[in-house]
Amino acid sequence: SQQGEEDPQALSIQEGENATMNCSYKTSINNLQWYRQNSGRGLVHLILIRSNEREKHSGRLRVTLDTSKKSSSLLITASRAADTASYFCATEGLNRDDKIIFGKGTRLHILP
Amino acid sequence: DTEVTQTPKHLVMGMTNKKSLKCEQHMGHRAMYWYKQKAKKPPELMFVYSYEKLSINESVPSRFSPECPNSSLLNLHLHALQPEDSALYLCASSQGTHSTGTQYFGPGTRLTVL
């Protein structure tokens with residue numbers, strides 16, 4: 001299975017601090033995506049990084065990808081209360097029939 | 001318009017009822033998905049439609065029946081569900097089914113089976 005595994009499962013930090021979440025996966029991928037989900041709502045796409053990319057930025061988000069270690073990290077800088085959510089990595093395999101597989105997620109809680 | 005809409009937002013049904021979930025997108029996406037999500041778990045893929053044809057059925061019980069009437073609409077017909085089917089049902093769409101990146105998700109339907 002190519003399923004991603006996020007680490008940690010849950011994270012609580014003070015507002016203003018940086019939050020780092022990690023994702024590991026098992027098989028070669030075409031791309032890796034990060035999604036955010038507020039409680040009981042739909043998922044929102046944050047960022048996509050392709051297998052030939054090593055780092056991408058979007059606003060306060062920084063994503064890295066290490067294909068040799070089959071891992072990715074999501075860094076949220078200067079966290080805000082609104083960042084409280086669950087974060088999922090999702091991997092897409094190389095084959096045309098491969099579907100996107102979501103990891104188990106990290107629940108991030110920003111403390112005021 | 002980058003929105004996927006789902007109706008109803010909440011649904012409570014008995015085990016003998018028949019109900020339908022609806023999903024709509026107007027982004028011209030040719031792939032649409034149904035996911036099931038239990039609390040504190042990741043979304044689990046149920047069905048994928050590509051160009052209005054069912055391309056993936058993840059061994060979902062027949063009490064769930066998907067339908068894609070046209071490229072903008074996706075339905076999930078429910079019949080004789082079990083209490084363990086209670087979950088958040090998410091619809092998503094994307095430009096295609098591979099190498100097309102982003103899936104756009106609807107807000108979900110919270111289903112409770114009594």
*Asks:* Who in residues 105-114 of chain B is close to chain A, using a strict under-4.5 Å heavy-atom cut-off?
*Replies:*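 If one takes a 4.5 Å heavy-atom cut-off, the residues of residues 105-114 of chain B near chain A are B:Phe105, B:Gly106, B:Pro107, B:Arg110.
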
*Asks:* Hydrogens and angles aside, do A:Tyr35 and A:Gln33 bring a side-chain donor and acceptor to less than 3.5 Å of each other?
*Replies:* yes

*Asks:* Treating A:Asp66 as the side-chain partner and A:Lys69 as the backbone partner, does any N or O pair qualify as donor plus acceptor under 3.5 Å?
*Replies:* yes

*Asks:* To the closest 0.5 Å, what do you measure between NE2 (B:His26) and OG (B:Ser71)?
*Replies:* 9.5 Å

*Asks:* Is A:Gln9 close to chain B through its backbone or its side chain, or both, or neither, when contacts mean heavy atoms under 4.5 Å?
*Replies:*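 A:Gln9 has no heavy atom closer than 4.5 Å to chain B.
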
*Asks:* For B:Thr7, give me all partners under side chain to side chain contact (heavy atoms under 4.5 Å, CB included), at least two apart in sequence or on another chain.
*Replies:*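 Once residues adjacent in sequence are excluded, the partners of B:Thr7 under the side chain to side chain contact (heavy atoms under 4.5 Å, CB included) criterion are B:Lys22.
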
*Asks:* How about A:Ser72 and A:Tyr25: does a side-chain donor come under 3.5 Å of a side-chain acceptor?
*Replies:* no

*Asks:* Please state whether the side chain, the backbone, both or neither of B:Gln6 comes within less than 4.5 Å of a heavy atom of chain A.
*Replies:* neither

*Asks:* Out of B:Gln37, B:Lys40, B:Lys41, B:Lys9, return the one with the most heavy atom pairs under 4.5 angstrom to chain A.
*Replies:*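 Ranked by heavy-atom pairs under 4.5 Å with chain A, first place is B:Gln37.
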
*Asks:* Examine distances only and state if a side-chain atom of A:Glu6 and a backbone atom of A:Lys104 form a donor-acceptor pair shorter than 3.5 Å.
*Replies:*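 Yes.
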
*Asks:* At a 4.5 Å cut-off on heavy atoms, which part of B:Glu44 comes close to chain A: side chain, backbone, both, or neither?
*Replies:*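 Looking at B:Glu44, nothing touches chain A.
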
*Asks:* Mind jotting down which residue pairs meet the ring-ring contact (aromatic ring centres under 6.0 Å, His included) criterion with at least one end in residues 56-78 of chain B? Sequence neighbours excluded, please.
*Replies:*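 Qualifying pairs: B:Phe64-B:Tyr89.
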
*Asks:* Restricting to ring pair (Phe, Tyr, Trp, His ring centres under 6.0 Å), what partner residues turn up for B:Tyr49, sequence neighbours left out?
*Replies:* none

